Every structure is written in structure tokens, then in C-alpha cells.
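Everything quoted here is computed from the prediction, not taken from an experiment.
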Amino acid sequence: VTIATDAVTITSADYLVKLDPEGAGTTDNLQTITGGVDGQEIILTVAGISDVVTFITGGNLIFTAGATISLTNGCRFRRDTGSNNWLLIR
């Protein structure tokens, strides 16, 4: 899934989501995930071996590890029931 303007769109069928930075770059930010259903869990990983995606607050990603998390491997998020937020569950 290609990141566009710090956001991606997924479907309710997605589980393993490979994030591809926008354009020809190897780095990008992600702050919003659109789509999915309440309670859905997804694993986010990078598409390319040298890609780095940085999760930032300000959209609908919720985590307590500070204001940013850099992703070079994978991590899990769950869509919060009753809201549009995705919670980091690692």
C-alpha cells in the first residue's frame, strides 16, 4: 500500500500491510489509516528492505511510545471499537 500525504487506506480483508513510501523515496511518514473495521488487527511492515516509515501522532494512530516510532520491521495495530483510532499493540 502506497503512503499518500501521510495516510493509507486499507480494507477489512487486509491483515499484512506492506507500506511503500510515496514517490521513489525510501522514507515517509504515516499518521492516518483509513478503512478497516472495529476490532480488526493489522501488521504493518515496510515494502522494501531499505524503507523506513515513521509513525507520527496527529492523525488516528494512538501509541504511548512518544511522538514518533520509526518502522523498519513490523508492528501490530488494532482498530478501536467505536472510534476511528488505530491502537499500537506491538
**Student:** Which heavy atom of Ile56 sits nearest a heavy atom of Asp6, and at what distance?
**Tutor:** CD1-OD2, 4.2 Å
**Student:** Taking atom CD of Gln31 and atom OG1 of Thr5, what is their separation to the nearest 0.5 Å?
**Tutor:** 10.0 Å
**Student:** Distance from Phe63 atom CZ to Cys75 atom SG, nearest 0.5 Å?
**Tutor:**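 Between atom CZ of Phe63 and atom SG of Cys75 there are 9.0 Å.
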**Student:** Is Val52 reachable from Val8 through a run of I, L, V, M, F, W or Y residues, each pair having side-chain heavy atoms under 4.5 Å apart?
**Tutor:**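 Different hydrophobic clusters.
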**Student:** With sequence neighbours left out, what residues match Glu22 under salt bridge (Lys or Arg N to Asp or Glu O under 4.0 Å)?
**Tutor:**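 Once residues adjacent in sequence are excluded, Glu22 has no partner under the salt bridge (Lys or Arg N to Asp or Glu O under 4.0 Å) criterion.
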**Student:** Can you list the other members of the hydrophobic cluster that holds Leu16, where links are side-chain heavy atoms under 4.5 angstrom apart?
**Tutor:**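 Via sub-4.5 Å side-chain contacts, Leu16 links to Tyr15, Ile43.
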**Student:** If I compare all heavy atoms of Val46 with all of Leu71, which pair ends up nearest, and what's the gap?
**Tutor:**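 That closest heavy-atom pairing would be CG1-O, 3.6 Å.
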**Student:** To the nearest 0.5 Å, how far apart are CG in Leu61 and OG1 in Thr32?
**Tutor:**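 Between atom CG of Leu61 and atom OG1 of Thr32 there are 6.5 Å.
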**Student:** Side chain of Asn60, backbone of Ile33: donor and acceptor closer than 3.5 Å?
**Tutor:** yes
**Student:** Only one of Asp51, Thr2, Val53 clears side chain to side chain contact (heavy atoms under 4.5 Å, CB included) with Leu19; which?
**Tutor:**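 Only one of Asp51, Thr2, Val53 forms a side chain to side chain contact (heavy atoms under 4.5 Å, CB included) with Leu19, namely Val53.
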**Student:** Where do Asp14 and Val17 come nearest, in terms of heavy atoms and distance?
**Tutor:** CB-CG2, 4.0 Å
**Student:** Return yes if some donor-acceptor pair links the side-chain N/O of Arg79 with the main-chain N/O of Gly35 below 3.5 Å, else return no.
**Tutor:** yes
**Student:** Testing the basics here: between Pro21 and Gly25, what is the closest heavy-atom pair and its distance to 0.1 Å?
**Tutor:**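 Closest heavy-atom pair between Pro21 and Gly25: CB-O, 3.5 Å.
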**Student:** Rounded to the nearest 0.5 Å, how far apart are OG1 of Thr26 and CG of Asp20?
**Tutor:**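 Result: 10.5 Å between the selected atoms.
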**Student:** Would you confirm whether Asp38, through its side chain, and Gly82, through its main-chain N or O, come within 3.5 Å as a donor-acceptor pair?
**Tutor:** yes
**Student:** Could you state the interatomic distance from CG (Leu87) to CZ (Phe77), rounded to the nearest 0.5 Å?
**Tutor:** 8.5 Å
**Student:** So, do Leu44 and Phe55 sit near enough that their side-chain heavy atoms are less than 4.5 Å apart?
**Tutor:** yes
**Student:** Using every non-hydrogen atom in the two residues, find where Val37 and Ser12 come nearest and quote the distance to one decimal.
**Tutor:** CG1-CB, 3.7 Å
**Student:** Working to the nearest 0.5 Å, report the span between CG of Asn29 and OG1 of Thr27.
**Tutor:** 7.5 Å
